[in-house]
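Below, read A as the first sequence line, B as the second, and so on, with proteins coming before strands; counting in each chain starts at 1. On a predicted model such as this, the values are computed, not experimentally measured, just so you know.
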Amino acid sequence: MSEIIKVGIADINTVSPPDTIRTTGLGSCVGVIIYDQTKKIAGLAHVMLPDSSLSKAPTLNEGKYADTAIQTLYKILVKKGADLKALKAKIAGGAQMFQFTSGNEMMRIGPRNVESVKKQLLSLGIPLVSSDVGGSSGRTIEFDPYNSSLTIKTVNAGIKVI
Amino acid sequence: MDFKKIQPIHLDILREIGNIGAGHAATALSTMLNKAVDMSVPSVNIISFEEISEMIGGAENVVASVFLRILGDAPGCMFFMLPIEQAERLLEDLLGGQAVQLINENDSAISLSALQEVGNILSGSYLTSFSNFTGLNLQPSVPATSIDMAGAILSFGLFEISTVSDYAIVIDTAFTDIEKHDNVKGHFFLLPDPDSYAKIFHALGVPLDE
């Protein structure tokens, strides 16, 4: 029996076949999947904010910020036996749910999340294989570690696989 | 913002803000539709981000929403949100009975514009009474409309609070159309920014203990 592993907001989890991993209702948040196609190990982080320097909380929730979430996910995957050099990434999300003419910097959070995720992947030397980012639609994404396919569902544009 | 400082009396104050605010909004809606609108007793909860989407049927549930920023003395976010079918019925009533479809409809500009106006009027009356009650200077931003997954929309109101906490205080008031007695409900969500709570409580003479 295969299961769907759910990842909530600011959460991180991992998956291996026959299970799949999913996160729902990504708005300006970004879903980051890092996977080892040969060993069929994958992890998903639901990133909410671009940088942990924004945190004003007494304890840092690592899954919330692009920089700490990706580093944490990377470490977890390595610990689970993924091959460092084989790691690849797919990302989706980072939409601008509402359009404002005069928004503050917080209103541009989607694009900022995407930029930060890409920068972080680059610094760890993880190639970004494909992405579906931006726009103004919410996304639900599901990753299958067996064939490394990422299925993206939106309200207005239906389903696509990257 | 430390949630441990929040006493039951503070939650009561927030509930009263929800009560008065949504009461005025329900009256405005009732006038617009020319029929009775019923309102629930507001709930005030300190809940995780995940649970907020559950309140409106799960992160993937498609809703029609109007969002605005509250500007002024106590900044925050406000959402007027309702299930898609309910939004369509509401707009049909408003637009004189013509059928309204909000999804996959090329010609929905007038419906969206009407939805935005409804949200604007309702949030405006909510905010005016919030401002009168507290004596705080509060103005709404220009509203923005979105029809999408509840989780994707709500997370937009959580960025300010998410830098300090994994939880948010949500002041939620639901209302229903009395005649139809259906369970579909509209929701007002009021999400003050972390620094705004102290200002709200101070304005009402019940400051948070330092």
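Taking every heavy atom of both residues into account, A/Leu54 and B/Thr163 meet most closely at O-CB, 3.4 Å. In terms of heavy-atom proximity, A/Gly138 sits nearest to B/Asp148 at N-OD2, 2.9 Å.
A heavy-atom distance below 4.5 Å is not found between the side chains of A/Leu26 and B/Met149. A heavy-atom distance below 4.5 Å is found between the side chains of A/Met48 and B/Phe49. Using a 4.5 Å cut-off on side-chain heavy atoms (C-beta onward), A/Phe98 and B/Thr145 make no contact.
Contacts of A/Ser136 with chain B are made by backbone atoms alone, with heavy-atom separations under 4.5 Å and no side-chain atom involved. Contact of B/Leu154 with chain A is not made at all, since no heavy-atom distance falls under 4.5 Å. There is no contact between A/Thr23 and chain B, counting heavy-atom distances below 4.5 Å. Heavy atoms closer than 4.5 Å to chain A are found nowhere in B/Ser53, neither backbone nor side chain. With a 4.5 angstrom heavy-atom cutoff, A/Ile9 touches chain B via backbone and side-chain atoms both.
Environment of NZ in A/Lys40: crowded, with over 12 heavy atoms of neighbouring residues, nucleotides or ligands closer than 6.0 Å. More than 12 heavy atoms of other residues, nucleotides or ligands lie within 6.0 Å of CZ in B/Phe133, so this atom counts as buried by the packing criterion. In this structure, B/Lys199 places its NZ atom where more than 12 heavy-atom neighbours from other residues, nucleotides or ligands lie under 6.0 Å away.
Expressed to the nearest 0.5 Å, how far OG of B/Ser146 lies from CD of A/Gln96 amounts to 11.0 Å. Taken from CG in A/Asp11 to CG in B/Asp166, the straight-line distance is 10.5 Å, to the nearest 0.5 Å. Taking OG of B/Ser155 as the start and CD1 of A/Ile109 as the end, the distance is 10.0 Å to the nearest 0.5 Å. Between B/Leu158 atom CG and A/Cys29 atom SG the span is 8.5 Å, to the nearest 0.5 Å.
The pair A/Arg22-B/Glu60 meets the salt-bridge criterion, with a side-chain N (NZ, NE, NH1 or NH2) lying under 4.0 Å from an Asp/Glu carboxylate O.
A/Lys56 places no side-chain N or O within 3.5 Å of a backbone atom of B/Ser165 that could act as its donor or acceptor partner.
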